[in-house]
Amino acid sequence: MDDEIFLSSALGWCIEWLQAYFLVLDDIMDSSHTRRGQPCWFRLSKIGMIAVNDGILLRNHIPRVLKNHFKGKPYYVDLLDLFNEVEFQTAHGQLIDLITTHEGEKDLSKYSLALHRRIVQYKTAYYSFYLPVACALLMAGEDLESHVDVKNILIEMGTYFQVQDDYLDCFGDPEVIGKVGTDIQDFKCSWLVVKALELSNEGQKKLLHENYGKDDQTCIEKVKELYKVLDIQGVFLEYESSSYQKLTKSIESHSSKAVQAVLKSFLAKIYKRQK
């Protein structure tokens, strides 16, 4: 039992290192200023672009830990494959995110719920939601191919989590969430802007096209004001409620009570979160 707890903890650390690696590099790519209430790692005067190498070092811890502690296990190769595949998916999500926000290519009309969903699924849902449960399934001697239904529920949960993130980026309290939102000036394909485009009349669309993606406080305020006029907060609360009901229904239709318990505990952690 102690061995199982130790191995579970080791896998938890591997997931944390993967997350840290992504975030260190993501902050550089997005020119972010704060992360979890602190300056981004690359913003520290003695760090700068050394942060790129730090990210690579964080990533390289993973196979070393897996080799040290899991090499004799029957699921060792599956674990390596899982981490590699999830990293591949996340990097592709990040790529779609970056190329849609590229300077000189700014075109709001290409933003849609389908594009948002694709970015979110690959950039966030696989590594944040599917990976920890997939690790647990492998440790329990399960074949991941037999648990596609669990994977689908977790991807849905990850999508819901990112929509919350988009909402908090604009409407959350920086003191609580630990970072200052930059989605509007960064021209992100945020759920909020996609919804605003859907609900806008021609004049409001024009306002969005003229002000979204500009690092200028006046432009940012105009976008936020339009979000208020369109009651994007209300639209989000409706989405949150229907997503929660849908997810609960999917979870409860799963045959295993143990799997249901794990998925419900995940959902409880993120439902109506403030940070």
Side-chain angles (χ1 to χ4, degrees), residues 22-23 25-35 40 89-128 155-174 177 179-243:
F22 288 143
L23 297 188
L25 297 182
D26 182 61
D27 284 343
I28 297 170
M29 290 181 249
D30 286 350
S31 301
S32 298
H33 288 271
T34 52
R35 169 75 67 179
C40 295
Q89 287 162 323
T90 309
H92 277 75
Q94 177 72 344
L95 179 64
I96 306 167
D97 188 19
L98 292 167
I99 58 179
T100 53
T101 59
H102 203 275
E103 280 295 333
E105 303 283 325
K106 290 184 174 175
D107 175 14
L108 263 187
S109 57
K110 67 190 171 189
Y111 283 0
S112 64
L113 270 184
L115 176 68
H116 178 267
R117 189 182 170 79
R118 191 176 306 134
I119 292 170
V120 168
Q121 187 174 333
Y122 284 91
K123 187 185 169 182
T124 306
Y126 282 110
Y127 92 87
S128 296
I155 298 304
E156 278 307 313
M157 225 183 276
T159 305
Y160 161 65
F161 178 86
Q162 186 59 46
V163 172
Q164 285 178 316
D165 220 53
D166 291 354
Y167 173 80
L168 290 170
D169 184 274
C170 180
F171 296 109
D173 177 356
I177 59 177
K179 60 180 180 179
V180 177
T182 58
D183 283 359
I184 293 173
Q185 58 265 47
D186 288 346
F187 198 71
K188 289 288 178 189
C189 181
S190 159
W191 187 85
L192 305 184
V193 79
V194 169
K195 279 290 165 191
L197 285 165
E198 275 183 16
L199 299 166
S200 288
N201 60 34
E202 286 313 307
Q204 290 166 328
K205 274 197 181 74
K206 189 169 183 289
L207 185 142
L208 269 178
H209 280 269
E210 284 168 2
N211 294 283
Y212 198 74
K214 294 203 167 80
D215 196 359
D216 173 309
Q217 210 44 50
T218 316
C219 299
I220 294 165
E221 287 310 319
K222 280 183 182 171
V223 173
K224 287 191 175 183
E225 197 48 50
L226 179 61
Y227 285 172
K228 285 199 179 89
V229 170
L230 296 169
D231 190 26
I232 295 295
Q233 280 185 278
V235 175
F236 167 76
L237 291 171
E238 212 171 279
Y239 165 86
E240 179 165 63
S241 168
S242 69
S243 288

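With respect to the salt-bridge test (charged N to carboxylate O, under 4.0 angstrom), the residues Lys206 and Glu210 qualify. Salt bridge status for Lys222 with Glu225: absent, with no side-chain N to carboxylate O gap under 4.0 Å. The residues Arg117 and Glu156 are annotated as salt-bridged, a charged nitrogen and a carboxylate oxygen being separated by less than 4.0 angstrom.
Of the inter-residue distances, the one linking Ser190 atom OG with Asp165 atom CG reads 9.5 Å to the nearest 0.5 angstrom. With values rounded to the nearest 0.5 angstrom, Leu115 atom CG is found 7.5 Å from Ile96 atom CD1. If you take CD on Glu198 and CD1 on Ile232, they are separated by 9.0 Å, rounding to the nearest 0.5 Å. Here the OG-CZ distance, from Ser128 to Phe22, works out to 9.0 Å after rounding to the nearest 0.5 Å. For the atom pair Gln164 CD and Phe171 CZ, the distance stands at 14.5 Å (nearest 0.5 Å). Here Leu113 contributes atom CG and Leu197 contributes atom CG; the two are 10.0 Å apart, rounded to the nearest 0.5 Å.
Summarising the geometry of Ala125 relative to Ile155, their closest heavy-atom pair is CB-O, 3.8 Å, with the distance given to 0.1 Å. Taking every heavy atom of both residues into account, Tyr160 and Glu240 meet most closely at OH-OE2, 3.2 Å. Nearest heavy-atom pair, Leu199 versus Val235, reported as atom, atom and distance to 0.1 Å: CD1-CG2, 3.9 Å. Contact detail for Pro174 and Gly172: the closest heavy-atom pair is CD-O, 3.4 Å. Residue Val120 comes nearest to Thr159 through the heavy atom pair CG1-CA, 3.5 Å, listed as atom of the first residue, atom of the second, then distance. Between Leu208 and Ala196, the shortest heavy-atom contact is CD1-CB, 3.9 Å.
For the pair Asp186 (side chain) and Lys188 (backbone), a donor-acceptor distance under 3.5 Å is absent. Put simply, the side chain of Ser241 never gets that close to the backbone of Leu237: no donor and acceptor are under 3.5 Å apart. Asn211 places a side-chain N or O within 3.5 Å of a backbone atom of Leu207 that can act as its donor or acceptor partner. Within the 3.5 Å criterion, the main-chain N or O of Ser200 finds a donor-acceptor partner in the side chain of Lys205. Between the side chain of Asp30 and the main chain of Ser32, no donor-acceptor pair closer than 3.5 Å is present.
Side-chain atoms of Val194 and Cys189, non-hydrogen and from C-beta on, do get closer than 4.5 Å to each other. Between Ile119 and Gln162 there is no side-chain heavy-atom pair separated by less than 4.5 Å. Side-chain contact between Tyr126 and Gln121 is present, with heavy atoms from C-beta onward closer than 4.5 Å. Using a 4.5 Å heavy-atom threshold, the side chains of Thr90 and Tyr122 count as separate. The shortest side-chain heavy-atom distance between Met29 and Leu25 falls under the 4.5 Å cut-off.
The neighbour count for Glu238 CD, taken as heavy atoms of other residues, nucleotides or ligands under 6.0 Å away, does not exceed 12. More than 12 heavy atoms of other residues, nucleotides or ligands shown are found within 6.0 angstrom of CZ on Arg35.
Between Tyr111 and Tyr212, the ring center distance fails the sub-6.0 Å criterion.
Side chains of Gln233 and Tyr167: a donor-acceptor N/O pair is present below 3.5 angstrom, by distance only. Asp27 and His33 form no side-chain donor-acceptor contact under 3.5 Å, judged by distance and modelled atom types alone.
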- Would you check, one step at a time, whether the test side chain to side chain contact (heavy atoms under 4.5 Å, CB included) holds for Trp191 with Phe236? CA-CA 9 Å; Trp191 187 85; Phe236 167 76; 3.8 Å; yes
| task | Please assess Leu230 against Lys195 for the test side chain to side chain contact (heavy atoms under 4.5 Å, CB included), listing each intermediate value before the final yes or no. | result | CA-CA 9 Å; Leu230 296 169; Lys195 279 290 165 191; over 6 Å; no
**OP:** Take Leu192 and Val223, measure what side chain to side chain contact (heavy atoms under 4.5 Å, CB included) needs, and give me the verdict at the end.
**Re:** CA-CA 10 Å; Leu192 305 184; Val223 173; over 6 Å; no
Could you please spell out the steps behind the side chain to side chain contact (heavy atoms under 4.5 Å, CB included) verdict for Val193 and His116? CA-CA 10 Å; Val193 79; His116 178 267; over 6 Å; no
